[in-house]
*Asks:* 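First the structure, which I've put down as structure tokens, then a few questions once you've had a look.
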Amino acid sequence: MAKGALKVQVWKGDSFVPVENTKVTIVQSGKTPQSTIEKTDRTDSSGLTEPVELNAPPIEVSQRPSNQLPYSLVDLKVEADGFVPIAIRGCQVYPERVAYQECRLVPRSSPAASRLRQGEEIINIQPNALVANFPPKIPEDPEKPLPPPSSGFVVLDQPVVPEFIVVHQGLPDDPSAANYTMRYKDYIKNVACSEIFSTWPESTIRANVYAIISFTLNRIYTEWYRAKGKDFDITSSTAYDHAFSYGRNIYENIVRVVDDIFSTYIKRPGKKQPLLTQYCDGVKVQCPGWMTQWGSKYLGDQGKTPYEILTNFYGSDLGLETAKEVAGMPRSWPGYILTEGTRGRDVRTVQTYLNRISQNYPAIPKMAVDSVYGPSTTASVKAFQEIFSLPPSGNVDYATWYRISDIYVGVTGIAELRGEENCRDHEYCKEKIFIPPVPFKDRDSKDMPYTYYPED
């Protein structure tokens, strides 16, 4: 029997305020009483438990199509004073990977608590799409018409990465299905963990994440559902969109990939809209002209880069383009990595944000706000990265900059600052400018052989 691990992080409601001393009970049923694992832990000041080692199938099971589940199943109970408990059923643990279960506890005093008639929130995690009997994707024309001026929707010059996305948990025309408002990056992480296996090569994971991002941004950019009068952006139906399972666990290696490339999408030269990157598994369903998930896995085994994997399926006329604007952020990525010795306004921004975040996360040491990236700033950045599943380099790269911004907005409650008028009076966004990101090859040259520059 192989081993995997599971850690839990608990927050208050929709914020990023951690809930300390939450009781977390993890139960993994075995074939015999002796092989059953039951662990109880308490969250620390960052809302985190220690990783718990659990049984998992051999890693070989996930490397080829199989009738055997490539992950083991675990149930959790999450309880804290003053909050509605959460029962999570079917958390998925892969071998040699750290599963990460995020929990958002609802205060008992909130209106949402009164709607939970059973006295607890119950989350049933759906099986991974590769082993489930979900309906195959209905083919669509990848070139979507944009909403006409008469629709009232404004077509932007360039795609913008949204702060939130509304997911319809069901078929597009099912009015009884729930809508979930998700942070955009959380949605991408959820889909990636629902669609592929975390034990696959990193280049395969990156290629699939690019496809998920591009498809999602196409839906948003073209207002595909909104222009039809729907009150959501995308669905959880695999016949139309992507597999999505509300409240499911995610994986540290997939989290890191998404944080690194969340704003980069695939497009054809001369086109504004992100490519509607349709795909299928390639085993149960065949889809000529689309990427197949198992095919991408085998190309990753051969050492192909993400860009080579994508062009193998979608053709050579592809570019990877990074969106200029990420919505909801007080300050955009400055275009370079901040390291020890760096000075200036961008360092001051990081220091200010981290000092505020440390009020809720005392494991992050405070530092002087002096615009100088010294050893104390490095230590604070590294502590932040360890808490939020980023590589603990101590440097502020693209992924770390935006994760710091995410958490800063989440703990300060300034998420409502959207427009320039609101932003003008706020200390940290007086200069709300959007600096074009660094050319992609300078961030991650292994992903593509050249830089595809945005159109002027």
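Along the sequence shown, the residues carry numbers beginning at 1.
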*Asks:* Quick one: is the NZ or CZ of Arg268 closer than 6.0 Å to the six-membered ring centre of Tyr314, and within 45° of its axis?
*Replies:*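 Judged by the rule, Arg268 and Tyr314 form no cation-pi pair.
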*Asks:* Side chains of Ser296 and Asn208 only: does a donor on one sit below 3.5 Å from an acceptor on the other?
*Replies:*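 Checked: Ser296/Asn208 side chains pair up, N/O donor to acceptor below 3.5 Å.
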*Asks:* Taking Gln286 for the side chain and Gly282 for the main chain, is one N or O donor matched with an acceptor at less than 3.5 Å?
*Replies:*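 Between the backbone of Gly282 and the side chain of Gln286 there is a qualifying donor-acceptor contact (under 3.5 Å).
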*Asks:* Quick check against the 3.5 Å criterion: does Gln158 have a side-chain atom that pairs as donor or acceptor with the backbone of Lys272?
*Replies:*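 No, because the side chain of Gln158 does not come within donor-acceptor range (under 3.5 Å) of the backbone of Lys272.
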*Asks:* Is it the case that over 12 heavy atoms from other parts of the model lie below 6.0 angstrom from the NZ atom of Lys144?
*Replies:*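 Yes, enclosed.
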*Asks:* Any donor-acceptor pair under 3.5 Å linking the side-chain atoms of Tyr336 with those of Asp346?
*Replies:*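 Asp346 vs Tyr336: donor-acceptor pair found between side chains.
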*Asks:* Determine yes or no for a side-chain-to-main-chain donor-acceptor pair under 3.5 angstrom, with Lys297 supplying the side chain and Thr204 the backbone.
*Replies:*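 Not at all, since once roles are kept as given, no pair shorter than 3.5 Å links the two residues.
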*Asks:* Within the side chain of Arg104, is there an N or O that forms a donor-acceptor pair under 3.5 Å with the backbone of Ser15?
*Replies:*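 Pair found, side chain donor or acceptor close to backbone of Ser15.
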*Asks:* Quick one: does Arg403's side chain get under 4.5 Å of Leu390's, heavy atoms only?
*Replies:*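 Yes. Closest side-chain heavy atoms under 4.5 Å.
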*Asks:* Examine the side chains of Gln273 and Asn218 and answer whether a donor and an acceptor come within less than 3.5 Å of each other.
*Replies:*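 Yes - a donor-acceptor pair under 3.5 Å links their side chains.
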*Asks:* With side-chain hydrogen bond (donor to acceptor under 3.5 Å, both in side chains) as the test, would you mind laying out the steps for Gln9 and Tyr100 before giving the verdict?
*Replies:* CA-CA 8 Å; Gln9 189 161 28; Tyr100 178 44; 2.2 Å; yes
*Asks:* Begin from the C-alpha positions of Leu130 and Gln293 and carry the test side chain to side chain contact (heavy atoms under 4.5 Å, CB included) through to its verdict.
*Replies:* CA-CA 9 Å; Leu130 290 174; Gln293 293 160 309; 3.3 Å; yes
*Asks:* Decide if atom CG of Asn133 counts as having more than 12 heavy atoms of other residues, nucleotides or ligands within a radius under 6.0 Å.
*Replies:*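 No, not enclosed.
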*Asks:* Indicate the atoms forming the closest heavy-atom contact of Val131 with Pro70, along with that distance.
*Replies:*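 Looks like CG1-CD, 4.0 Å.
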*Asks:* Any heavy-atom pair between the side chains of Asp173 and Lys230 that's under 4.5 Å?
*Replies:*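 SC-SC contact between Lys230 and Asp173 confirmed.
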*Asks:* May I ask you to say whether Asp14 pairs ionically with Arg183, meaning some side-chain N is under 4.0 Å from a carboxylate O?
*Replies:*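 Salt bridge: no.
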*Asks:* In terms of side-chain geometry, is the basic nitrogen of Glu53 or Lys39 positioned less than 4.0 Å from the acidic oxygen of its partner?
*Replies:*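 Result for this pair is no, no salt bridge flagged.
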*Asks:* Could you tell me whether the side chain of Asp231 reaches within less than 4.5 Å of the side chain of Val166, counting heavy atoms only?
*Replies:*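 With C-beta onward as the side chain, the pair stays apart.
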*Asks:* Closer than 3.5 angstrom, by distance alone: can the side chain of Asn249 be matched with the main-chain N or O of Gln92 as a donor-acceptor pair?
*Replies:*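 Confirmed, Asn249 side chain pairs with Gln92 backbone.
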*Asks:* For the backbone of Lys267 and the side chain of Glu321, can you confirm whether one donor and one acceptor N or O come within less than 3.5 Å of each other?
*Replies:*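 Pair absent, no side-chain N/O of Glu321 close to backbone of Lys267.
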*Asks:* Would you indicate whether the side-chain heavy atoms of Phe164 and Tyr187 approach each other to under 4.5 Å?
*Replies:*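 No, their side chains stay 4.5 Å or more apart.
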*Asks:* For Leu48, does its backbone N or O pair with a side-chain atom of Thr43 as donor and acceptor, under 3.5 Å?
*Replies:*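 It does not hold such a pair.
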*Asks:* Would you check if the distance from the ring center of Tyr94 to the ring center of Tyr251 is below 6.0 Å?
*Replies:*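 Yes, the ring of Tyr94 comes within the 6.0 Å limit of the ring of Tyr251, centre to centre.
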*Asks:* Test side chain to side chain contact (heavy atoms under 4.5 Å, CB included) on Arg226 and Lys228; report intermediate values, then the result.
*Replies:* CA-CA 5 Å; Arg226 299 282 184 179; Lys228 292 177 169 60; over 6 Å; no
*Asks:* With distance as the sole criterion, is a donor-acceptor pair present between the side chains of Ser72 and Gln28 under 3.5 Å?
*Replies:*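 There is such a pair between these side chains.
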*Asks:* Which heavy atom in Ala2 sits nearest to a heavy atom in Pro58, and how many Å separate them?
*Replies:*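 Heavy atoms only, the tightest pair is CB-CA, 4.1 Å.
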*Asks:* Stepwise, does the side-chain hydrogen bond (donor to acceptor under 3.5 Å, both in side chains) test hold for Tyr225 with Asp241?
*Replies:* CA-CA 11 Å; Tyr225 289 111; Asp241 299 299; 2.7 Å; yes
*Asks:* Counting only N and O atoms by type, is there a donor-acceptor contact under 3.5 Å from the side chain of Gln278 to the main-chain atoms of Glu140?
*Replies:*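 Indeed, once roles are kept as given, a pair shorter than 3.5 Å links the two residues.
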*Asks:* Can you confirm whether Phe197 sits close enough to Arg97 that some side-chain heavy atom of one is under 4.5 Å from a side-chain heavy atom of the other?
*Replies:*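 Not in contact.
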*Asks:* Hey, what do you get for OH (Tyr184) to CD1 (Ile165), rounding to the nearest 0.5 Å?
*Replies:*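 Rounded to the nearest 0.5 Å, the OH-CD1 separation comes to 8.0 Å.
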*Asks:* Roughly how far, to the nearest 0.5 Å, is the CG atom of Leu275 from the CG atom of Leu217?
*Replies:*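 Spacing of CG (Leu217) from CG (Leu275) equals 11.5 Å.
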*Asks:* Using 0.5 Å steps for rounding, measure from the OH atom of Tyr71 to the CD1 atom of Ile125.
*Replies:*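 Between Tyr71 OH and Ile125 CD1, I get 9.5 Å after rounding to 0.5 Å.
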*Asks:* Surrounding OH of Tyr240 (heavy atoms of other residues, nucleotides or ligands, distance under 6.0 Å), is the total greater than 12?
*Replies:*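 Incorrect, the count does not exceed 12.
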*Asks:* Quick one: which of Phe384, Phe388, Trp11 gives a ring-ring contact (aromatic ring centres under 6.0 Å, His included) with Tyr361?
*Replies:*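 So the option named by the test is Phe388.
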*Asks:* Is it true that Asp260 and Arg256 make a salt bridge, defined as a side-chain N closer than 4.0 Å to a carboxylate O?
*Replies:*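 No, this pair does not count.
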*Asks:* Ile205 pairs by side chain to side chain contact (heavy atoms under 4.5 Å, CB included) with which of Val258, Thr199, Val257?
*Replies:*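 When Val258, Thr199, Val257 are each tested with Ile205, the side chain to side chain contact (heavy atoms under 4.5 Å, CB included) holds only for Val257.
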*Asks:* Take the angle between the ring planes of Tyr353 and Tyr408 and call it parallel below 30°, perpendicular above 60°, tilted in between.
*Replies:*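 Geometry flag for Tyr408 against Tyr353: parallel rings.
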*Asks:* Regarding Thr322 and Thr264, is there a side-chain donor-to-acceptor distance under 3.5 Å anywhere?
*Replies:*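 Yes - a donor-acceptor pair under 3.5 Å links their side chains.
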*Asks:* Spell out, as yes or no, whether a donor-acceptor pair under 3.5 Å connects the side chain of Tyr307 to the backbone of Leu318.
*Replies:*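 It does hold such a pair.
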*Asks:* Are the side chains of Ile337 and Val396 in contact, using a 4.5 Å heavy-atom criterion?
*Replies:*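 No. Closest side-chain heavy atoms not under 4.5 Å.
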*Asks:* Is the CD atom of Glu143 crowded by more than 12 outside heavy atoms at less than 6.0 Å?
*Replies:*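 Yes - once you tally the heavy atoms of other residues, nucleotides and ligands closer than 6.0 Å, there are more than 12.
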*Asks:* Please lay out, stage by stage, how Thr181 and Asn179 fare under the test side chain to side chain contact (heavy atoms under 4.5 Å, CB included).
*Replies:* CA-CA 7 Å; Thr181 300; Asn179 284 352; over 6 Å; no
*Asks:* Could you tell me how the ring of Tyr402 sits relative to the ring of Phe262: parallel (under 30°), tilted (30 to 60°) or perpendicular (over 60°)?
*Replies:*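 It falls in the perpendicular class, over 60°.
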*Asks:* After noting the C-alpha distance and the side-chain angles of Glu325 and Ser332, does the key distance pass the side chain to side chain contact (heavy atoms under 4.5 Å, CB included) rule?
*Replies:* CA-CA 7 Å; Glu325 183 176 339; Ser332 289; 5.9 Å; no
*Asks:* Rounded to the nearest 0.5 Å, what separates atom CG in Leu276 from atom CZ in Phe215?
*Replies:*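 One finds 4.5 Å between CG of Leu276 and CZ of Phe215.
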*Asks:* Side chains of Asn124 and Tyr246: any donor to acceptor distance under 3.5 Å?
*Replies:*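 No pair is found: no donor N or O on one side chain lies under 3.5 Å from an acceptor on the other.
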*Asks:* Taking the inter-plane angle between the rings of Tyr279 and His242 on a 0 to 90° scale, is it parallel (under 30°), tilted (30 to 60°) or perpendicular (over 60°)?
*Replies:*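 The arrangement is parallel - the two ring planes meet at less than 30°.
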*Asks:* If we only count heavy atoms from C-beta on, is the Ile37 to Ile26 side-chain gap below 4.5 Å?
*Replies:*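 No, too far: nothing below the 4.5 Å cut-off.
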*Asks:* Say whether Thr400 and Asp397, considering side chains only, have a donor N or O and an acceptor N or O under 3.5 Å apart.
*Replies:*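 Thr400 vs Asp397: donor-acceptor pair found between side chains.
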*Asks:* Using distance alone, with no hydrogens and no angle criterion, decide if Asn312 and Lys304 have a side-chain donor and acceptor under 3.5 Å apart.
*Replies:*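 Checked: Asn312/Lys304 side chains show no N/O donor-acceptor pair below 3.5 Å.
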*Asks:* With the side chain counted from C-beta on, respond yes when Arg248 and Gln126 share a heavy-atom pair under 4.5 Å apart, and no when they do not.
*Replies:*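 They are not in contact (no side-chain heavy atoms under 4.5 Å apart), so the answer is no.
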*Asks:* Return the CZ to SG distance between Phe313 and Cys287, rounded to the nearest 0.5 Å.
*Replies:*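 Reported to 0.5 Å precision, the distance equals 8.5 Å.
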*Asks:* Salt-bridge test for Lys185 and Asp406: reply yes if a basic N is under 4.0 Å from a carboxylate O, no otherwise.
*Replies:*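 Looking at Lys185 and Asp406, the cut-off is met.
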*Asks:* Closer than 3.5 angstrom, by distance alone: can the side chain of Thr238 be matched with the main-chain N or O of Pro135 as a donor-acceptor pair?
*Replies:*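 It does hold such a pair.
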*Asks:* Kindly give the heavy-atom pair with the smallest separation between Asn190 and Gly247, and that separation in Å.
*Replies:*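 That closest heavy-atom pairing would be ND2-N, 4.3 Å.
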*Asks:* Output the distance between atom CD (Glu202) and atom CH2 (Trp200), rounded to the nearest 0.5 Å.
*Replies:*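 It comes to 15.0 Å.
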